[in-house]
Number of protein chains: 2
Amino acid sequence: MDDGQGIEPDGLPAFDLGGFTPYRVALVAQRLSEALAREYRVRFGLSVPEWRVLAHLAQSDAVSVRDIEDAVAMEKSRVSRTAARLEARGLVAKRADPGDRRLVQLSLTGDGRAMMADLLPLASAFQGEIEAQLGTDFAGFDRALGRLLEAYRGG
Amino acid sequence: MDDGQGIEPDGLPAFDLGGFTPYRVALVAQRLSEALAREYRVRFGLSVPEWRVLAHLAQSDAVSVRDIEDAVAMEKSRVSRTAARLEARGLVAKRADPGDRRLVQLSLTGDGRAMMADLLPLASAFQGEIEAQLGTDFAGFDRALGRLLEAYRGG
DNA sequence: ACAGGTTCGTTGCAAATGCAACGATGTGGC
DNA sequence: GCCACATCGTTGCATTTGCAACGAACCTGT
């Protein structure tokens with residue numbers, strides 16, 4: 001009677017949200033984000049978007065809003081406002097690109113660099129913690145993430 | 001000179017956001033969510049929170065806001081407002097719990113059940129698609145998700 | 001029965017978000 | 001050089017969100 005995709009008494013096909021991969025991934029993303037954000041929100045007063053922008057600036061200086069938009073997967077208006085907030089806090093500098101005045105060059109200030117010098121080791125430690133949690137399964141996990149990013153990139 | 005956690009010329013430790021697991025997971029979550037939402041937003045006019053609430057109601061009828069809050073990992077105010085919207089659209093019924101009048105019993109209406117009868121097979125197909133993408137790696141991937149949920153549950 | 005404390009769901013309010021529209025700047029065709 | 005068109009970043013606006021506060025209902029001990 002049970003054909004493996006059974007029908008419940010109420011006429012609906014059986015479905016377990018808790019086992020649904022998109023939901024599980026969203027949940028893990030949320031938990032990891034919260035765990036990490038706990039560190040850098042309480043200690044540095046950063047939100048997730050702010051952390052992302054700073055992290056990208058730390059690895060590639062003098063980039064445009066558009067560059068960040070692509071690199072950190074955020075809407076350009078979100079990047080723009082985040083950058084404005086970071087500038088107001090003195091962590092990021094904005095100046096017009098001399099070659100193309102439509103562009104804005106974002107870069108870390110001295111303060112911004114100093115903060116990231118404290119923050120990045122914490123991030124690396126967190127990464128190490130996750131890898132330790134997963135042990136030998138980490139490589140496969142990361143590969144699967146890459147596969148899904150490929151399969152569902154933009155579409 | 002490169003000790004494996006090198007220092008960049010700008011004095012910051014090397015860090016690759018694109019390889020940072022929390023970021024990668026967040027990205028996959030976003031992509032999967034978008035891919036799925038494309039289906040049920042255009043065809044059924046549902047948002048992600050609405051989908052989650054309906055999905056939970058489909059598998060366990062007559063539950064309280066608090067139950068859903070736990071089951072679908074959403075703030076209670078978000079659940080409350082989502083339920084109100086679904087009620088206004090005639091997909092969900094709300095009634096006071098006769099045993100404990102603080103509680104609200106949420107359940108699918110006939111219309112709601114009918115919609116879910118169309119939706120759930122799509123969700124199952126999407127799940128199958130993901131599993132096909134990952135092939136034999138899916139089991140390990142899912143296990144790793146579970147491990148991370150355990151490790152970072154609530155804290 | 002009643003006072004103190006707890007749980008449930010809703011709501012007010014400020015902040016964040018997405019989307020579209022906009023001005024400014026660049027580019028290419030002619 | 002000029003005009004149509006594309007790109008960049010910001011902003012207006014409506015919606016969504018999280019948090020705290022609230023009233024209502026329940027529970028406990030006395």
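By convention in this document, chain letters (A, B, ...) are assigned in the order of the sequence lines, proteins followed by strands, and residues within each chain are numbered from 1.
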Within the structure shown, what part of the strands sits under 4.0 Å from B:S47 by heavy-atom distance: base, sugar-phosphate, or nothing?
-> nothing

Whole angstrom value for the distance that separates P of D:dA6 from CG of A:D100 | 17 Å

Spacing of B:D97 atom CG relative to D:dA24 atom P, expressed in whole Å | 19 Å

Is the backbone of B:R78 close enough, under 3.5 Å, to the side chain of B:T82 for a donor and an acceptor to pair up by distance?
-> yes

Is the shortest side-chain N/O distance from A:S80 to OP1 or OP2 of D:dT10 below 4.0 Å?
-> yes

Could you check how far CZ of B:R95 sits from P of C:dG9, rounded to whole Å?
-> 14 Å

Considering all heavy atoms of both residues, which atom of A:R153 and which atom of B:R31 are nearest to each other, and what is their separation?
-> CA-NH1, 3.2 Å

Given B:T21 and A:Q127, is the side chain to side chain donor-acceptor pair (under 3.5 Å) satisfied, shown in steps?
-> CA-CA 7 Å; B:T21 299; A:Q127 177 70 28; 2.8 Å; yes

Nearest-Å distance, CZ (B:R101) to C1' (C:dG9)?
-> 15 Å

C:dC8 C1' sits how many Å from B:L103 CG, rounded?
-> 6 Å

Measure the distance from CZ on A:R66 to C1' on C:dT25 and round it to the nearest whole Å.
-> 16 Å

Ignoring hydrogens and angles, tell me if any N or O in the side chain of B:R24 forms a donor-acceptor pair with the backbone of A:D142 under 3.5 Å.
-> yes

Using whole Å, report how far CD of B:E69 lies from P of D:dC19.
-> 12 Å

Atom-to-atom span, NZ of B:K76 to C1' of D:dG18 - whole angstrom | 12 Å

Residue pair B:M74/A:D67 against DNA chain D: nearer the 5' end by closest nucleotide is A:D67

Give me, pair by pair, the N or O atoms of the protein and of nucleotides 15-18 of chain C that are less than 3.5 Å apart, along with how far apart they are.
residue, atom, partner, partner atom, Å
C:dT17, OP1, A:R78, NH2, 3.0
C:dG18, O6, A:R81, NH2, 2.7

Do B:R41 and B:L46 have side chains that get closer than 4.5 Å, going by heavy atoms?
-> no

Mutual orientation of the aromatic rings belonging to B:F15 and B:F20 [parallel < 30°, tilted 30-60°, perpendicular > 60°] | perpendicular

Side chain to side chain donor-acceptor pair (under 3.5 Å) evaluation trace for A:Y152 with B:E129 | CA-CA 11 Å; A:Y152 295 97; B:E129 189 182 310; 2.8 Å; yes

